[in-house]
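To start, the structure itself, in structure tokens.
In what follows, every heavy atom counts, from backbone to side chain, and hydrogens, waters and symmetry copies are set aside. None of the values given here were measured: they were computed from a predicted structure. We count ligands from 1, going down the list as the structure has it; atoms in each ligand are counted the same way.
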Amino acid sequence: MMTLLTGRLAVVTDAASGIGRATAIRLARQGARVVLADIAAAGLAETAALICEAGGEAHCHVADCADPSQIDGLADFAAGIARLDIWCNSAGVAAACPAVDVDPSFYDRILDLNLGGSFWACTAAARRMIPQGRGFIVNISSNAADEPIAGLSLYAMSKAAVNMLTRTLAKELGPHGIRVNAVAPGFTVTPMTVASDADAQALIARNAARSPLGLVGSPDDVAAAVAYLVSDDSRFVTGQILRVNGGITMP
Ligand SMILES: NC(=O)c1ccc[n+]([C@@H]2O[C@H](COP(=O)([O-])OP(=O)(O)OC[C@H]3O[C@@H](n4cnc5c(N)ncnc54)[C@H](O)[C@@H]3O)[C@@H](O)[C@H]2O)c1
């Protein structure tokens with residue numbers, strides 16, 4: 001256990017899997033008490049067990065992070081435990097579809113979670129952090145916000161909007177002592193990217209070849225960036241998009 005975040009309460013969404021799970025584990029390892037949120041109850045329980053077995057503190061809350069009222073319920077749940085210091089929005093869906101084939105339900109599925117969920121979560125967190133005069137918000141964006149990829153128009157739009165949401169809120173909330181940043185991962189090995197791919201190794205090799213480092217990301221690479229942004233080491237950093245992408249894009 002390191003103690004960089006001791007005494008802080010952190011909400012992490014998408015905590016049942018991938019980047020959210022790694023982030024929750026990393027923040028707990030650095031001393032934070034964590035509230036784990038996701039729609040997948042079994043995955044949440046697994047993450048909580050990993051944290052508790054290592055001596056940390058974790059509280060599970062099942063929530064659909066596309067639903068503003070459930071997000072507000074999550075914020076109330078967390079604020080009922082302790083002062084809400086940290087909120088990391090990692091819940092997101094990626095699905096490809098040519099723009100000409102998108103129907104309204106597909107549109108809503110991507111935008112309601114990736115963009116709406118981030119907006120409502122940031123505002124729910126901020127409303128509770130403003131009276132405290134302190135807080136840390138991190139949105140998980142994506143490399144796709146910078147790099148057009150055919151078939152991913154809605155996903156890319158949602159993440160580009162998350163970047164602008166991050167910058168705008170950094171201006172609105174900075175005077176209240178709240179820092180708002182985003183981490184934009186490149187290809188990261190998680191269930192989102194490899195679980196459904198029949199040839200995962202070839203997919204990984206293709207993406208590694210695009211990086212000047214010859215690497216793909218791990219969920220812990222992203223988690224480490226989040227941990228930096230919610231610590232006092234980054235006290236002069238707000239409104240930034242920290243790209244953890246192996247150098248694939250350098251806008
Ligand atoms: N993996 C990558 O290469 C990559 C790259 C860039 C950005 N990202 C972003 O990172 C974030 C996490 O992705 P990941 O790779 O860890 O994905 P993942 O598939 O491993 O996990 C997604 C999690 O989100 C949960 N979830 C889905 N819908 C939800 C909802 N409505 N409410 C609450 N939880 C919900 C799922 O249950 C799952 O636990 C996403 O925002 C994604 O866009 C991932």
Side-chain angles (χ1 to χ4, degrees), residues 11-26 35-48 60-75 77 87-96 108-122 124 138-147 149 152 154-163 165-166 182-197 200 203-204 206-208 210-211 215-223 225-226 241-246 248-249:
V11 171
V12 181
T13 72
D14 157 47
S17 172
I19 288 169
R21 170 178 283 179
T23 298
I25 290 172
R26 166 71 74 139
V35 173
L36 312 173
D38 203 290
I39 38 169
L44 279 185
E46 284 171 20
T47 308
C60 296
H61 188 83
V62 176
D64 179 347
C65 294
D67 177 346
S69 67
Q70 293 193 39
I71 293 167
D72 219 44
L74 168 61
F77 175 79
W87 191 299
C88 176
N89 284 313
S90 181
V93 278
D108 289 345
R109 184 160 76 87
I110 305 292
L111 272 292
D112 284 357
L113 179 61
N114 295 7
L115 175 54
S118 300
F119 180 84
W120 296 116
C122 284
V138 177
N139 293 314
I140 303 300
S141 175
S142 171
N143 188 53
D146 298 317
E147 182 186 28
I149 300 171
L152 281 183
L154 287 179
Y155 181 73
M157 281 162 56
S158 71
K159 295 298 187 175
V162 164
N163 287 356
L165 172 67
T166 300
V183 176
F187 185 93
T188 304
V189 178
T190 71
M192 177 182 276
T193 47
V194 301
S196 60
D197 199 284
L203 180 69
I204 290 170
R206 262 197 325 277
N207 279 282
R210 299 184 60 230
S211 158
L215 294 174
V216 293
S218 75
D220 207 45
D221 291 324
V222 183
V226 176
I241 315 302
L242 178 50
R243 294 176 173 84
V244 178
N245 67 13
I248 288 176
T249 56

Report the part of Thr190 in contact with ligand 1, treating N, CA, C, O as backbone and CB onward as side chain, heavy atoms under 4.0 Å; options are side chain, backbone, both, neither. side chain

Look only at interatomic distance and state if Asn143 has a nitrogen or oxygen under 3.5 Å from any nitrogen or oxygen of ligand 1. no

Region of Arg21 that comes within reach of ligand 1 [heavy atoms, distance under 4.0 Å]: neither

For residues Ser118 and Asn139, is any side-chain donor paired with an opposing acceptor at under 3.5 Å? no

Which option, Thr188, Val62, Ile71, owns the non-hydrogen atom nearest atom 1 (N) of ligand 1? Thr188

Could you say whether the N/O atoms of Asp14 and ligand 1 ever approach to under 3.5 Å? yes

Please say whether Ser142 places an N or O atom under 3.5 Å from an N or O atom belonging to ligand 1. no

Considering only heavy atoms, which of Ala15, Ala22, Ala144, Ser17 lies nearest to atom 20 (O) of ligand 1? Ser17

Give the contacting part of Thr193 toward ligand 1: side chain, backbone, both or neither, where contact means a heavy-atom distance below 4.0 Å. side chain

Any nitrogen or oxygen of Pro185 lying under 3.5 Å from a nitrogen or oxygen in ligand 1? Just yes or no. no

Test your reading of the structure: does Ala40 have an N or O sitting under 3.5 Å from an N or O of ligand 1? no

Distance-only, no hydrogens or angles: does the Asn207 side chain make a donor-acceptor pair with backbone N or O of Leu203 under 3.5 Å? yes

Hey, does the side chain of Thr13 reach the backbone of Ala91 with a donor-acceptor pair shorter than 3.5 angstrom? yes

Taking the side chain as every heavy atom from C-beta outward, state whether Ile39 and Cys65 have any atom pair closer than 4.5 Å. no

Option with minimal heavy-atom separation from atom 7 (C) of ligand 1, where the choices are Ser141, Gly92, Ala63: Ser141

Hey, is Leu113 touching ligand 1 through its side chain, its backbone, both or neither, going by heavy atoms under 4.0 Å? side chain

